[in-house]
Amino acid sequence: MNKIDELAQAFTYLAELLEIKGEVRFKVNAYERAAELIRAIGDEIFEKDNVKELRQFPGIGEGIAKKILEFKETGTISKLEELKTEVPIALISLLQVPNLGPKRAKLIYEELGVQNIDELREAAETGKLAELRGLGPKAEQNILEGIDHIENISGRMLLHKAYEIQRDICSLMSEALPGLLINPAGSLRRMKETIGDIDLLVGCENSRLVMETFLSLPITRRVIAKGDTKSSIMTAAGLQVDLRVVKPEQYGAALQYFTGSQAHNIRVREIARKSGLKVNEYGVFTVKDNRCIAAEDEAGVYAALDMAFPKPEMRENQGEIEAAIEDRLPALLELADIKGDLHSHSDWSDGRDDLEGMRAAAEARGYRYLAITDHAMKLKIAGGLERERLIEQVHAIRELNARGDSPVVLLTGSELNIDNDGDVDYDEELLSLLDVTIASIHGGLRQPREKITKRIIKAIRNPDVKIIGHPTGRLIGQRAPYDIDLRAIMRAAAETGTALELNSFPDRLDLKDENLRQARDLGAKVSLGTDSHRSNQLEFMFYGVAMARRAWLEIDDVLNTMGLDGLLEWLWAGRKKA
DNA sequence: GCCGTTTTCGGCCCGACTGTTTTCAGTCG
């Protein structure tokens with residue numbers, strides 16, 4: 001775990017231990033917000049070295065600023081260490097059990113001495129939980145099911161998986177109830193990279209009928225909760241799906257309410273309160289006489305608060321509220337702005353489809369160009385192209401382009417390997433044949449921070465390298481990012497005019513949203529590529545664009561929104577062309 | 001703990017559902 005995550009986690013622990021201890025809600029909230037904020041800001045936080053600078057960030061006051069400085073100095077926070085002697089840190093693990101919160105965790109610890117999940121299970125199975133005041137057999141059963149859930153389910157689901165499931169459920173519901181007004185809400189609508197559960201929102205007068213239909217879907221394994229307006233089910237795959245029903249004339253307010261994020265909504269409601277208004281899932285109301293002034297239209301909810309409409313992907317309380325108030329929200333990148341894909345593989349290396357198949361798929365997407373960036377020779381395992389094969393491929397691509405039977409121009413290219421010394425596979429002469437030169441790390445992933453950072457920066461300074469592929473190497477939920485000085489890499493990329501990739505393959509999404517925003521702020525260009533190994537994977541661009549939108553990127557921040565001529569000019573700037 | 005053209009003190013978002021309660025606390029999002 002890197003320093004930023006450690007610091008953020010220290011504040012999360014502070015919040016959770018205080019919560020178990022029974023500290024006032026607001027103090028706990030402040031620490032939780034601090035943890036969130038630190039994760040969003042990233043390494044920049046360690047570049048500040050006094051209280052005053054740290055307090056510039058809204059949500060960081062004197063107390064938290066001092067704790068950040070203490071952590072930077074000593075690697076720990078004394079208040080946290082103190083707290084650990086009062087409340088066993090292991091108790092925090094109990095909080096991840098659904099249906100078990102801080103109050104009951106404290107009770108269970110104090111009455112039964114339970115400190116971890118194994119002990120919790122034993123207490124539940126022997127009926128001891130049901131004997132505690134405020135709990136009963138049902139609560140005990142729910143906690144047992146909660147334990148089963150976290151032990152069987154490996155955390156959160158990748159966005160693209162959840163998105164597909166959502167699409168399936170919505171179409172099943174629409175089949176049963178034609179014309180139904182139904183949409184995803186929650187983190188799925190915000191397009192977070194991973195999804196904990198799926199939130200769906202329906203606008204319909206007949207909520208009973210909607211609920212019946214939903215609860216009898218074939219995907220339902222267990223009904224968790226069912227009420228007049230809200231139900232939850234567990235699917236066989238262990239995914240929770242929540243469905244809310246509101247009246248059609250309240251749909252906009254409900255969509256706003258259930259899209260979140262929680263931090264965004266809290267800010268919105270605070271702002272409403274200051275104007276004598278109240279916001280809930282049924283509309284915007286005056287506090288004085290409870291008169292509804294907006295509800296049907298989501299943008300109308302924001303308008304009632306004198307705010308511009310922030311797109312769902314932005315709603316993380318990362319400055320979008322202020323921007324909406326001041327009417328300076330960015331014009332986010334759209335999928336339609338993407339003129340082509342800059343990272344794809346064909347059957348010349350480890351892809352499945354041939355050049356024509358890839359080109360046809362690009363044409364179907366309305367692209368102007370597609371870069372064929374098969375693996376370079378040092379990556380033998382992926383069928384990396386030897387010199388002669390690469391030359392052959394360049395000729396094949398040129399021939400295909402010369403036929404003039406497609407609006408899509410294939411760009412020659414390669415996904416080069418950054419070796420241990422920071423050099424790439426081919427010599428200058430061969431590179432002078434390639435339009436698109438991506439350089440990626442494929443080996444030595446666990447080297448020390450200085451070493452990998454140095455390798456990448458050397459590649460960035462190579463005039464023949466125009467794009468750094470999957471810059472952090474993370475695989476969501478499987479492999480941590482390389483230990484690198486990302487900000488130094490971003491600065492070097494900005495300085496040399498090298499693009500950083502937003503690899504849009506679903507389990508990569510690399511750079512991730514907050515890093516993309518940092519890259520843009522530091523002046524680096526972003527290149528969207530799907531890393532497709534099959535022609536149908538070009539559709540992953542959808543998820544890359546979603547990440548770009550979460551990072552507030554606009555057209556000019558992204559390389560492949562350029563037309564073909566502009567792009568080629570950019571790609572060949574400062575390079576020798578054969 | 002944070003924050004301030006209504007406050008340097010006194011506020012701090014909102015509601016549904018469940019299970020255990022005879023009117024509400026705990027949990028969740």
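Only a predicted model underlies this, so the values are computations on that prediction, with no experimental measurement involved. Just so it is clear, the values below take in all heavy atoms, side chains as well, and ignore hydrogens, waters and symmetry mates. First the proteins, then the strands, lettered A, B, ... as listed; each starts at 1.
Ile266(A) comes within 4.0 angstrom of a nucleotide base, judged by non-hydrogen atoms across all strands. Residue Val245(A) is out of contact with every strand shown, counting any heavy-atom pair closer than 4.0 Å. When heavy atoms are screened at a 4.0 angstrom cut-off, Asn29(A) is found touching no nucleic acid atom at all. At the heavy-atom level, Glu270(A) lies under 4.0 Å from the strands shown only through sugar-phosphate atoms. At a threshold of 4.0 angstrom between heavy atoms, the contacts of Val268(A) with the nucleic acid are absent. Residue contacts for Arg273(A): at a heavy-atom cut-off of 4.0 Å it reaches the sugar-phosphate backbone alone, with no base atom in range. Among the protein residues, Ser232(A) comes within range of no part of the nucleic acid, since none of its heavy atoms lies under 4.0 Å from any strand. Residue Tyr257(A) is classed as a base contact, given a heavy-atom separation below 4.0 Å to a base.
Using cut-offs of 30° and 60° on the angle between ring planes, the pair Phe71(A) and Phe46(A) is parallel.
Stacking of Arg517(A) on the aromatic ring of Trp552(A) is recorded, both the 6.0 Å distance cut-off and the 45° axial limit being met. In this structure, Arg315(A) is positioned above the aromatic face of Phe309(A), its NZ or CZ under 6.0 Å from the six-membered ring centre and within 45° of the axis.
In this entry the distance linking CD1 of Ile224(A) with C1' of dC17(B) reads 12 Å, nearest Å. Separating the CD atom of Gln256(A) from the P atom of dG15(B) is a distance of 13 Å, rounded to the nearest angstrom. Atom P of nucleotide dG29(B) and atom CD of Glu36(A) are separated by 15 Å, given to the nearest angstrom. If you measure from atom CD1 of Ile271(A) to atom C1' of dT5(B), you get 16 Å, rounded to the nearest angstrom. Asp242(A) places its CG atom 11 Å from the C1' atom of dC17(B), with the value rounded to the nearest Å. As rounded to whole Å, 11 Å separates atom P of dC2(B) from atom CG of Leu37(A). Between the NZ atom of Lys21(A) and the P atom of dG1(B) there is a distance of 11 Å, given to the nearest Å. Distance, His264(A) NE2 to dC14(B) C1': 14 Å, rounded to whole Å.
Both Leu277(A) and Ile60(A) sit near DNA chain B, but only Ile60(A) has its closest nucleotide nearer the 5' end. Map Tyr31(A) and Asp199(A) each onto its nearest nucleotide of DNA chain B; the residue landing nearer the 5' end is Tyr31(A).
dG29(B) is paired with dC14(B) under the Watson-Crick or G-U wobble criterion, all donor-acceptor distances under 3.5 Å.
When the nucleotides dC3(B), dG15(B), dG29(B) are ranked by their closest atom to the side chain of Asp197(A), dG29(B) comes out on top. You'll find that the side chain of Ala30(A) is closest to dC2(B), out of dA16(B), dC2(B), dC12(B). Among dG1(B), dC14(B), dC17(B), the nucleotide with an atom closest to any side-chain atom of Asn280(A) is dC14(B). Ranking dC14(B), dC17(B), dA16(B) by closeness to the Lys278(A) side chain, first place goes to dC14(B). With dT27(B), dC3(B), dT18(B) as the candidates, the nucleotide lying closest to the side chain of Ala225(A) is dT18(B). Residue Pro98(A) has its side chain nearest to dC28(B) when only dG1(B), dG15(B), dC28(B) are considered.
Here Asn99(A) does not reach the OP1 or OP2 of dT27(B): none of its side-chain N or O atoms lies under 4.0 Å away. Remark: Lys66(A) is not in phosphate contact with dG1(B), judged by side-chain N or O atoms under 4.0 Å from OP1 or OP2. Lys27(A) has no side-chain polar atom (N or O) that falls below the 4.0 Å cut-off from OP1 or OP2 of dC12(B). Within the 4.0 Å cut-off from OP1 or OP2 of dG29(B), not a single side-chain nitrogen or oxygen of Ser261(A) is found.
For the C1' atoms, the distance linking dC3(B) with dT8(B) amounts to 10 Å, nearest Å. Going from the C1' atom of dG15(B) to that of dG10(B) covers 25 Å, rounded to whole Å. Distance check on atom C1': dG26(B) versus dT20(B) gives 10 Å, rounded to whole Å. Here, dT6(B) and dC12(B) have their C1' atoms 16 Å apart, quoted to the whole Å. Taking atom C1' in both dT27(B) and dT21(B), one finds a spacing of 16 Å when rounded to whole Å.
Of the residues Leu180(A), Leu181(A), Thr229(A), Asn183(A), the one that meets the side-chain contact (heavy atoms from CB on, under 4.5 Å) test with Val202(A) is Leu180(A). When each of Leu188(A), Ile182(A), Asp199(A), Ile195(A) is paired with Gln166(A), the side-chain contact (heavy atoms from CB on, under 4.5 Å) condition holds for Leu188(A) and for no other.
At a cut-off of 3.5 Å, with distance as the only test, a side-chain donor of Gln518(A) or Asn515(A) sits close to an acceptor on the other residue. For the residue pair Asn29(A) and Arg25(A), a side-chain donor N or O sits within less than 3.5 Å of a side-chain acceptor on the partner. When only modelled atom types and interatomic distance are considered, Glu320(A) and His264(A) share a side-chain donor-acceptor pair under 3.5 Å. Remark: the Asn265(A) side chain and the Gln256(A) side chain contain an N/O donor-acceptor pair separated by less than 3.5 Å.
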Quick one: which protein N/O atoms are closer than 3.5 Å to N/O atoms of nucleotides 19-25 of chain B? Pair and distance per line, please.
{"residue": "dT20(B)", "atom": "OP1", "partner": "Gly136(A)", "partner atom": "N", "Å": "2.6"}
{"residue": "dT20(B)", "atom": "OP1", "partner": "Gly136(A)", "partner atom": "O", "Å": "3.1"}
{"residue": "dT20(B)", "atom": "OP1", "partner": "Pro137(A)", "partner atom": "N", "Å": "3.2"}
{"residue": "dT20(B)", "atom": "OP1", "partner": "Lys138(A)", "partner atom": "N", "Å": "3.3"}
{"residue": "dT20(B)", "atom": "OP1", "partner": "Ala139(A)", "partner atom": "N", "Å": "3.4"}

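Between Phe542(A) and Tyr163(A), the distance from one ring center to the other falls under 6.0 angstrom.
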